[in-house]
Amino acid sequence: MSSFEVVSGSLEELLQQSWFEAVVLVLVGLLAGFINVLSAGGSMLTLPLLMFLGLPPQVANGTNRIAITLQSVSAVVNFWRAGARHLALSLRLSVPAVIGSLLGVWLALKVSDALFEAVLIGVMVASAAVMLLPQPKLDTRPLNRERLTPAIYLAMFVIGVYGGFIQVGVGVLFIVVLYRMLKIDLAQINVFKVLIILIYTLPALGLFVYHDQVRWGYGLLLALGSVSGAWIAVRVNLSAQGALWVKWLTLAVILAIVLRLLLR
């Protein structure tokens, strides 16, 4: 498919969206982009939303990558401008993640819709449970090349497989690896996280596009909100109380979505 056909198809899909769908996609994307940059869980809102709007699970899975890609670009650019630059180390961590993501997309395209929905529900419940667990107080320190052991590269490969397959709650895995294993502070984790996600999502999105599992109209509207939410998140310094409110709001929405998925 040529770039002209992609652009014209995207415009056609955008024009076909109802105003209600467009507003919902932008608003949920806004919340998801904000959550994804500051913590994790944005795709637990956006992926089910695309399914509720009528997209088949695998198409929703591919379409969701448009918003993830563009919000990651927005976050990376804004972190870079703010002086947060960990390019060399992020690229090293991204190599196994990219390899894993290609395997994950291949697996996602092979499973049935019913199995994918079952995995989605299980992942959302597990991710919500992990979000309720208190974070241990660790003595954090800056990351350097010498601390990147084979175990860390293997963990990044596993994250890549998971992210390529479904993406939902992948930030929770980054917190486990980067905070608990490498003892990087949470502010640095967000910088590494968005850059690595951007790098491994690009080839994953390309594979979904190649297999015609992306609907550009839905994805671009969702991305409009996500990019705005990511832009806001980079500039907001939430208090501990504010972060707690965001977490509980996210968990409440996740609970409602899980119930809706179970009743489909």
Minimum-distance pair of heavy atoms, taken over all atoms of [X] and [Y]:
{"X": "Met156", "Y": "Phe174", "answer": "CE-CE2, 3.5 Å"}
{"X": "Tyr218", "Y": "Leu50", "answer": "CB-CD2, 3.9 Å"}
{"X": "Pro48", "Y": "Leu120", "answer": "CG-CD2, 4.3 Å"}
{"X": "Leu25", "Y": "Leu222", "answer": "O-CD1, 3.3 Å"}
{"X": "Leu91", "Y": "Ile199", "answer": "CD2-CD1, 3.5 Å"}
{"X": "Met44", "Y": "Ile257", "answer": "O-CD1, 3.4 Å"}

Are Leu195 and Trp80 close enough, and set up right, to give a side-chain contact (heavy atoms from CB on, under 4.5 Å), and what steps lead you there? CA-CA 10 Å; Leu195 183 52; Trp80 185 274; over 6 Å; no
Checking [X] side chain against [Y] main chain: does a donor-acceptor pair fall under 3.5 Å?
{"X": "Ser101", "Y": "Val98", "result": "yes"}
{"X": "Ser72", "Y": "Ile197", "result": "no"}
{"X": "Arg65", "Y": "Leu202", "result": "no"}
{"X": "Asn61", "Y": "Ala108", "result": "no"}
{"X": "Glu117", "Y": "Leu115", "result": "no"}

Name every donor-acceptor pair, under 3.5 Å, that has one atom in a side chain of residues 166-173 and the other anywhere in the protein, sequence neighbours excluded.
residue: Gln167; atom: OE1; partner: Tyr200; partner atom: OH; Å: 2.9

Set of residues satisfying ring pair (Phe, Tyr, Trp, His ring centres under 6.0 Å) with respect to Phe192, sequence neighbours excluded: His86
If you measure from [atom1] on [X] to [atom2] on [Y], what distance do you get to the nearest 0.5 Å?
{"X": "Leu178", "Y": "Ile152", "atom1": "CG", "atom2": "CD1", "value": "7.5 Å"}
{"X": "Gln71", "Y": "Ile35", "atom1": "CD", "atom2": "CD1", "value": "10.5 Å"}
{"X": "Leu107", "Y": "Phe165", "atom1": "CG", "atom2": "CZ", "value": "7.0 Å"}
{"X": "Leu93", "Y": "Ile159", "atom1": "CG", "atom2": "CD1", "value": "9.0 Å"}
{"X": "Gln58", "Y": "Met51", "atom1": "CD", "atom2": "CE", "value": "9.5 Å"}
{"X": "Leu70", "Y": "Ile66", "atom1": "CG", "atom2": "CD1", "value": "7.5 Å"}

Joint hydrophobic cluster, [X] plus [Y], side-chain heavy atoms closer than 4.5 Å:
{"X": "Val161", "Y": "Trp106", "result": "yes"}
{"X": "Phe52", "Y": "Val123", "result": "yes"}
{"X": "Val111", "Y": "Tyr210", "result": "no"}
{"X": "Leu198", "Y": "Val77", "result": "yes"}

Do [X] and [Y] come close enough that some side-chain heavy atom pair is under 4.5 Å?
{"X": "Leu103", "Y": "Phe157", "value": "yes"}
{"X": "Ile232", "Y": "Leu30", "value": "yes"}
{"X": "Phe116", "Y": "Val119", "value": "no"}
{"X": "Leu102", "Y": "Leu207", "value": "yes"}

With side-chain contact (heavy atoms from CB on, under 4.5 Å) as the criterion, how do Leu49 and Leu45 come out once you've worked through the C-alpha distance, each side chain's angles and the decisive distance to 0.1 Å? CA-CA 6 Å; Leu49 171 66; Leu45 312 182; over 6 Å; no
Quick one: list whatever passes side chain to side chain donor-acceptor pair (under 3.5 Å) with Thr46, sequence neighbours left out. Asn64
